[in-house]
J.: 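For reference, the structure I am asking about is given below.
The figures here come from the full heavy-atom set of this structure, side chains too, leaving out hydrogens, waters and symmetry mates.
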There are 2 protein chains.
Amino acid sequence: MAKPAPQSQAEMRQRNLSRVLHALAAEGPLSRAEVAARIGLTRAAVSTLVDELSRGGLLVERGPGRSGAVGRPGTGLLLTDRGPCGFGAEIGVDHLAVAVMDLRGRVRIRLGQETRNQGAEPAAVLATLTGMLRDAARDAAGAGLRPTGLTVAVPGLLARDAGSGRSRLLMAPNLGWRDIDLAAGLPTGLGPVTVENEANLGALAELWSAGGAGVQDSFVHVSAEIGIGAAVVVEGRLLRGAHGFAGELGHVPVRPEGRPCSCGGRGCLETYAGEEAVLRAAGLEPGPGVRLGALAARCEAGDAGALRAVRQAGTALGIALSGAVNLLDPRQVVVGGALARLAPWLLAPVSRELARRTSVAAGGRSTPVPVRASPLGPDGPLLGAAGFTVRAALDEPSRLLRG
Amino acid sequence: MAKPAPQSQAEMRQRNLSRVLHALAAEGPLSRAEVAARIGLTRAAVSTLVDELSRGGLLVERGPGRSGAVGRPGTGLLLTDRGPCGFGAEIGVDHLAVAVMDLRGRVRIRLGQETRNQGAEPAAVLATLTGMLRDAARDAAGAGLRPTGLTVAVPGLLARDAGSGRSRLLMAPNLGWRDIDLAAGLPTGLGPVTVENEANLGALAELWSAGGAGVQDSFVHVSAEIGIGAAVVVEGRLLRGAHGFAGELGHVPVRPEGRPCSCGGRGCLETYAGEEAVLRAAGLEPGPGVRLGALAARCEAGDAGALRAVRQAGTALGIALSGAVNLLDPRQVVVGGALARLAPWLLAPVSRELARRTSVAAGGRSTPVPVRASPLGPDGPLLGAAGFTVRAALDEPSRLLRG
DNA sequence: GTATTTCGTCATGGCCGTTAACAAATTAGT
DNA sequence: ACTAATTTGTTAACGGCCATGACGAAATAC
């Protein structure tokens, strides 16, 4: 007889512990009373929660807090910067990177390495990455940080295996990889390994970068590593799709009977605004090292061909995005990843198309959807990966406390 | 000093009461032990929950349940069909309708009336509807049903007012209405009034029609009352958008420099597959009474012009939908509302375009997204409205018990 | 007819958040 | 300088809720 799995009793406690952690992670130092107000519990209840977390070493007191107001000042509580931490890694087309983030969300360790991963043997790349992770783990131990998990950002399509809970990499066109279990090639000992699409992680990084301008909980995030990926965040949650394939903006039809696309369709956005298409339109021959960065350089130099190519790509992107905006009604559109470097020339045509095509659909609201470049730029996926691990840890206080 | 609002203590109880109700609503009669297994509580806990609900008159025992298996048979529990009920109403272009649904999800009372609402004075229409609602309320009282709320389906754009929590109708093109507080013109005494877009409610009806073929929790639902509306359901939740305007499939660009649209854009889906466009393409003059039904009749008669018009509309719809499918990765696409009547001729071209344009995007999965017609058809919005009220009631057991 | 299985209930116990009261720490006012 | 007011954090009593374990009840299996 399978026991119905104990539930709902200790679960409330766990959730409340987690809510305290998240409140502190989101808003710097807070007193117990402030936490209580934020999460809707009484001061007494928060006291016991804080006690438990404090004895577990997850948070520290930072002396008397604010002053100037009437009444006894509260003691500032802060998440520890010496306990658990989250590992993030990124496998790019021409680089590998690792970051270690503490519970406060600060990046404490960061390693990067240029490598040609395109067409390389996955095992070799994973071996290199494993080496970097071990280095980072050593540094982390030196700083008093204890790993709670690893999240890897990959430019490819993933399928979550229902059985094992692990994600398989189905296809990574830019790497030339197919059907690989990445987690199997990475070190154990850092905790559970999650593999996630890098566009999705870039969007999450954007979502979590509370310091930045836009703390928007609902937006479309466009990046361009695998063709053109869009990640959709709705009400603070990432939209993954029924099979995990959501966000394929690259194959949204822009001109229904236009250029044939490798996907079998015609006139997909990718054939107009994909990296290869744009480079060719600008008169550049795509190849190792010749990527969007090179195009950005030409634009900066005022190269007319490059500027025209980017403008045209922006128009196509704007058309595809206006479909997405009509359908999803996001609060804003964010251009991130490598695409962010082209923002100075890309944003205007994108905004123009969006303004043209989403006016009435938006219920006649005066201002069209704002389009902006991600301040994180190419760092998004790596920060998102590390942040993902940290958030996951904060969601499970019991795991952190037992350690 | 604002009290932090008591929380988390009685809330767990409420949620568990609600979970019992939902379990019984979803799967016919269940014994206490079966409920316990479904919602993950112990039999003892469920016993007390059932006790409370039973004393409140929300559920009834239906004698010994299943037999044939070993062991003492459980007593079948069922939601009452004589207590609380939900009201739903629909304001269509040429009809009004009211339905009363009991907690079991069965429609107990249903009234319909042909009226020309297009261009009519809102107050007059609301007065007629109020009369129908009063009739229904009288019948309900006779059947021992007590109203817990009213949900109204409207073919228009709504804005939720953050302050009052009420929804304002911003714009209903087909009715010619603008900026109206519908709830203000409807009877009080039925409980809280909710106004919601009819495409959204149609999709929810589809989601809740567990009896039907597809118990899919993630799909795109297309209907065609206001231009062309799509409702997106993700993980069982309706995607509303940041401003509540999500689902404007009608203004997704299909041919970027195609026909000018009333929205200011060009080549919107609506200009190819909207009701007016399709009727004209089929050689019908749109007008009162001449609507999609007339077109369906011609198709049935084998009218070549009509068939061609529908085929072309289907192609345009398929193009727009392939954008949506690439972006959202739904488990299926459902054609509902008035559009469902054209399904026999519409589905093939839609599927064809989807198959062409979403193959690789779907990660090379062999079967493309299935497209099917809603079995509910034009009834969807009304059923969704009544169902919405009932679900809302089941979410708040305390409200039902105090009654 | 007995053993077995499953259902529903009851008493017990542990955990958790609320309530209410209180000491501590600071500002405002005179 | 001293009192009043205000806010914080802690403590003890209380009540609610679910889990555990045992038990009688009601059916099937042998």
J.: Between D/dA19 atom C1' and A/E11 atom CD, what is the distance in whole Å?
T.: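 These atoms are roughly 13 Å apart.
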J.: Using a heavy-atom cut-off of under 4.0 Å over every strand shown, decide if A/R32 touches base, sugar-phosphate, or nothing.
T.: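 It contacts sugar-phosphate atoms only.
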J.: Is A/E61 salt-bridged to A/R32, going by a charged N under 4.0 Å from an acidic O?
T.: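 Yes, A/E61 and A/R32 are salt-bridged.
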J.: When only distance counts, do a donor and an acceptor, one from the side chain of A/R72 and one from the base of D/dT8, lie under 3.5 Å apart?
T.: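 Looking at the base of D/dT8, it does pair with a donor or acceptor on the side chain of A/R72 (distance under 3.5 Å).
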J.: Would you mind checking if A/R13 and A/E52 are paired as a salt bridge, meaning a charged N to carboxylate O distance below 4.0 Å?
T.: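 Result for this pair is yes, salt bridge flagged.
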J.: Given C/dC16, D/dC18, D/dA26, which nucleotide is nearest the side-chain atoms of B/P73?
T.: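 Among C/dC16, D/dC18, D/dA26, the one nearest the side chain of B/P73 is D/dA26.
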J.: What is the separation between atom CG on B/L30 and atom P on C/dT6, rounded to the nearest whole Å?
T.: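 Nearest whole value for this atom pair: 18 Å.
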J.: Do A/R160 and A/E196 meet the salt-bridge criterion of a basic N to acidic O distance under 4.0 Å?
T.: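 Counted as a salt bridge, because a side-chain N and a carboxylate O are separated by less than 4.0 Å.
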J.: To the nearest Å, how far apart are A/L49 CG and C/dC15 P?
T.: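 About 15 Å, once rounded to whole Å.
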J.: For C/dT18 and A/T42 - does any side-chain N or O of the residue sit under 4.0 Å from the phosphate oxygens OP1/OP2?
T.: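 For C/dT18, OP1/OP2 do have a side-chain N/O of A/T42 under 4.0 Å.
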J.: In whole Å, what is the span from the CE atom of A/M12 to the C1' atom of C/dC15?
T.: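 Spelled out: CE on A/M12 to C1' on C/dC15 is 8 Å.
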J.: Take the protein atom CG of B/D51 and the nucleotide atom C1' of D/dC18, then report the distance between them rounded to whole Å.
T.: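 Between C1' of D/dC18 and CG of B/D51: 15 Å.
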J.: Find the distance A/L41:CG to C/dT19:P and express it as a whole number of Å.
T.: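 Distance check: A/L41 CG to C/dT19 P gives 11 Å.
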J.: Any side-chain N or O of B/T75 under 4.0 Å from OP1/OP2 of C/dG8?
T.: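 Yes, within the criterion.
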J.: So if I take every side-chain heavy atom of B/S31 and compare against C/dT5, C/dG17, C/dG8, which nucleotide ends up nearest?
T.: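 Of the candidates, C/dG8 comes closest.
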J.: Check this one for me: any side-chain N or O of A/S47 less than 4.0 Å away from OP1 or OP2 of D/dG9?
T.: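 Answer is no, no contact under 4.0 Å.
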J.: Mind checking A/A44 for me? I need base, sugar-phosphate or nothing, with any heavy atom below 4.0 Å counting as a touch.
T.: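 Base: the residue A/A44, judged by heavy atoms under 4.0 Å, touches a nucleobase.
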J.: Starting from C1' on C/dT9, measure out to CD on B/E61 and report it in whole angstrom.
T.: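 Value for this atom pair: 13 Å.
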J.: What nucleotide among D/dG9, D/dA22, D/dT6 has an atom nearest to a side-chain atom of B/R43?
T.: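 Ranking D/dG9, D/dA22, D/dT6 by closest atom to the B/R43 side chain puts D/dA22 first.
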J.: CZ of B/R19 versus C1' of D/dC18: gap in Å, rounded?
T.: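 So the CZ-C1' distance, B/R19 to D/dC18, works out to 12 Å.
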J.: Would you find more than 12 non-hydrogen atoms of other residues, nucleotides or ligands less than 6.0 Å from A/R237 atom CZ?
T.: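 No, because the 6.0 Å sphere around CZ of A/R237 holds 12 heavy atoms or fewer from other groups.
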J.: From C-beta outward on B/N16, which listed nucleotide comes closest to its side chain: C/dT18, D/dC18, D/dG9?
T.: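 My answer, after comparing the listed nucleotides, is D/dC18.
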J.: When you measure from the side chain of B/R13, which nucleotide among D/dC17, C/dT5, C/dT9 comes out closest?
T.: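 Closest nucleotide to the B/R13 side chain: D/dC17.
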J.: Considering the options A/R146, A/R82, A/R108, which one meets the salt bridge (charged side-chain N to carboxylate O under 4.0 Å, His left out) requirement together with A/D102?
T.: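 Exactly one candidate clears the test, A/R108.
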